[in-house]
There are 2 protein chains.
Amino acid sequence: MARSNNTLYAILGIIAHGPRSGYDIRKQFNASLRFFWSESYGQIYPMLKQIEREGYAEPVESNDSRRKKLYRITPEGQTVFRQWLSEPVNPINYRDELLLKIFVAGPQDAKAILALLASEREELEKNVAVLKEQESQALQQYHNRVPPTWMLTLRYGIHSMEARLRWCEEAIHDLRGKGEV
Amino acid sequence: MARSNNTLYAILGIIAHGPRSGYDIRKQFNASLRFFWSESYGQIYPMLKQIEREGYAEPVESNDSRRKKLYRITPEGQTVFRQWLSEPVNPINYRDELLLKIFVAGPQDAKAILALLASEREELEKNVAVLKEQESQALQQYHNRVPPTWMLTLRYGIHSMEARLRWCEEAIHDLRGKGEV
DNA sequence: CGTTCCATGTAAAACGTTACATGATTCT
DNA sequence: AGAATCATGTAACGTTTTACATGGAACG
């Protein structure tokens, strides 16, 4: 079975909104979707060349003072991108280390697990704050016009992290209640 | 930088609760943690041999009618397992295809995204029902005694899937409201 | 006696990160 | 001038899935 080749479509999806360099693409993922998607340079640059070879994008000369190599999506690229977009998504393969540890922990590990949960909670509180700040900034920007679809990914970040945070607190409460600490 | 070698610890964590075969290990992950962790045979069997070579587990002859090869964790295995358990977790690398698609979608893709969200919602409703059923079964089983830590992973499944479900509904509502459908 | 499930295993390919190398531009 | 950031790229390594191969046990 052919693998999903997500890196190809991720890049195509970014340059579908306008010419971008490899550096731009990385930046865009890190700025907005870092909690749910990331691409490393080690994948981006080789994939851009492959995309060009297959005729899904072509280089454009930039009038930037930097020597950026911008790529513009071609009509063929648009076609395969929209095709991919409408296909059902593949099941996610999460590998959540914290969940694994809790799953395999025994009663004697309650203390260690509590420590992990505490630092997770701290981390989540920070991240939720960052996302909410981003949200209020974005809402000001779009106060009358329709917000773009990527706003939905921001909303997802808030929903999912708040849920994880509530779970963390519940779990800490449960473990403390056992008196095994 | 040394990579985290999670497969090793995942396996060690399972056999820490009693002798298991490669097949058992797979089954246990699929039964309880499938949404947050999975291991394929292509990793499990070679890793079991490596674990044996390193002295973290040893084979035990089974009195099972099947020709299972059970592995039992050694004291050294226990040690490295508990050590790993107490270390801080590495950041997760989610790669959430649905989020990616929504992030890179343009206004003209609203219809395609709505279809994806609708089938995601369906899927989530099924999964939440399954988990809640599992939860009530487990709660009966442990009605007086303290529930094991893996119950927390079940709770996480419910929390996170319900959050994703609520987000799905919110997103569908938003996209419909735009009149772009 | 055939089908289904149990059970172990390997090889190849695909995927993804990390570390390194290189050099230009911008800012202080 | 020096530091920080921008920018492209590659090689090595580690991780993970997929496809294939093999055969025994249970069940109707």
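The chains referred to below are lettered A, B, ... by the order of the sequence lines, with proteins before strands, and numbering in each begins at 1.
The aromatic rings of A:Y41 and A:Y23 lie parallel to each other, with less than 30° between the two planes, well short of the 60° mark.
Between the CG atom of A:N5 and the P atom of D:dT17 there is a distance of 17 Å, given to the nearest Å. For the pair B:L8 CG and D:dT16 P, the interatomic distance rounds to 12 Å; values are reported in whole Å. What separates CE of B:M47 from C1' of C:dT8 is a distance of 17 Å, to the nearest Å. Atom pair A:I44:CD1 and C:dC15:P shows a separation of 16 Å (rounding to whole Å applied). Per the geometry, CG belonging to A:N90 stands 18 Å off P belonging to D:dT16, to the nearest Å. Distance B:D24 CG to C:dC5 P: 18 Å, rounded to the nearest Å. The nearest whole Å value for the distance from the CG atom in B:L100 to the P atom in C:dC15 is 14 Å. Rounded to a whole Å, the CZ atom of A:R26 is 14 Å from the P atom of D:dA7.
The closest side-chain donor-acceptor pair between A:W167 and A:E169, if any, does not fall under 3.5 angstrom.
Looking at heavy-atom distances under 4.0 Å, A:N6 makes no contact with the nucleic acid at all.
Ionic pairing of B:D109 and B:K101 is not present here: no N-O contact between side-chain nitrogen and carboxylate oxygen is shorter than 4.0 angstrom. The pair A:D96-A:R164 meets the salt-bridge criterion, since a charged nitrogen lies less than 4.0 angstrom from a carboxylate oxygen.
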Return the polar atom pairs (N/O with N/O) between nucleotides 9-11 of chain C and the protein under 3.5 Å, or none.
unit_1	atom_1	unit_2	atom_2	d
C:dG9	OP1	B:K69	NZ	2.9

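Taking 4.0 angstrom as the limit, B:T7 places none of its side-chain polar atoms (N or O) nearer than this to OP1 or OP2 of D:dT15. Distances shorter than 4.0 Å separate none of the side-chain N or O atoms of B:N93 from OP1 or OP2 on C:dG16. When the side-chain nitrogen and oxygen atoms of A:Y23 are compared with OP1 and OP2 of D:dT8, none of them lie within a distance under 4.0 Å. Side-chain nitrogen and oxygen atoms of A:S38 include at least one within less than 4.0 Å of the OP1 or OP2 phosphate oxygen of C:dT17. Taking side-chain N and O atoms only, A:S40 has no distance below 4.0 Å to OP1 or OP2 of C:dT18.
Remark on DNA chain C: of its neighbouring residues B:R95 and B:K27, the 5'-side contact belongs to B:K27, judged by nearest-heavy-atom nucleotide.
The aromatic ring centroids of A:F81 and A:Y9 lie 6.0 Å or more from each other. Centroid-to-centroid, the aromatic rings of B:F35 and A:Y94 stay 6.0 Å apart or farther.
The only option from A:E133, A:Q140, A:Q134 that meets the side chain to side chain donor-acceptor pair (under 3.5 Å) definition with A:Q137 turns out to be A:E133.
Checking D:dT18, D:dC6, C:dG23 against every side-chain atom of A:R67, the shortest atom distance belongs to C:dG23.
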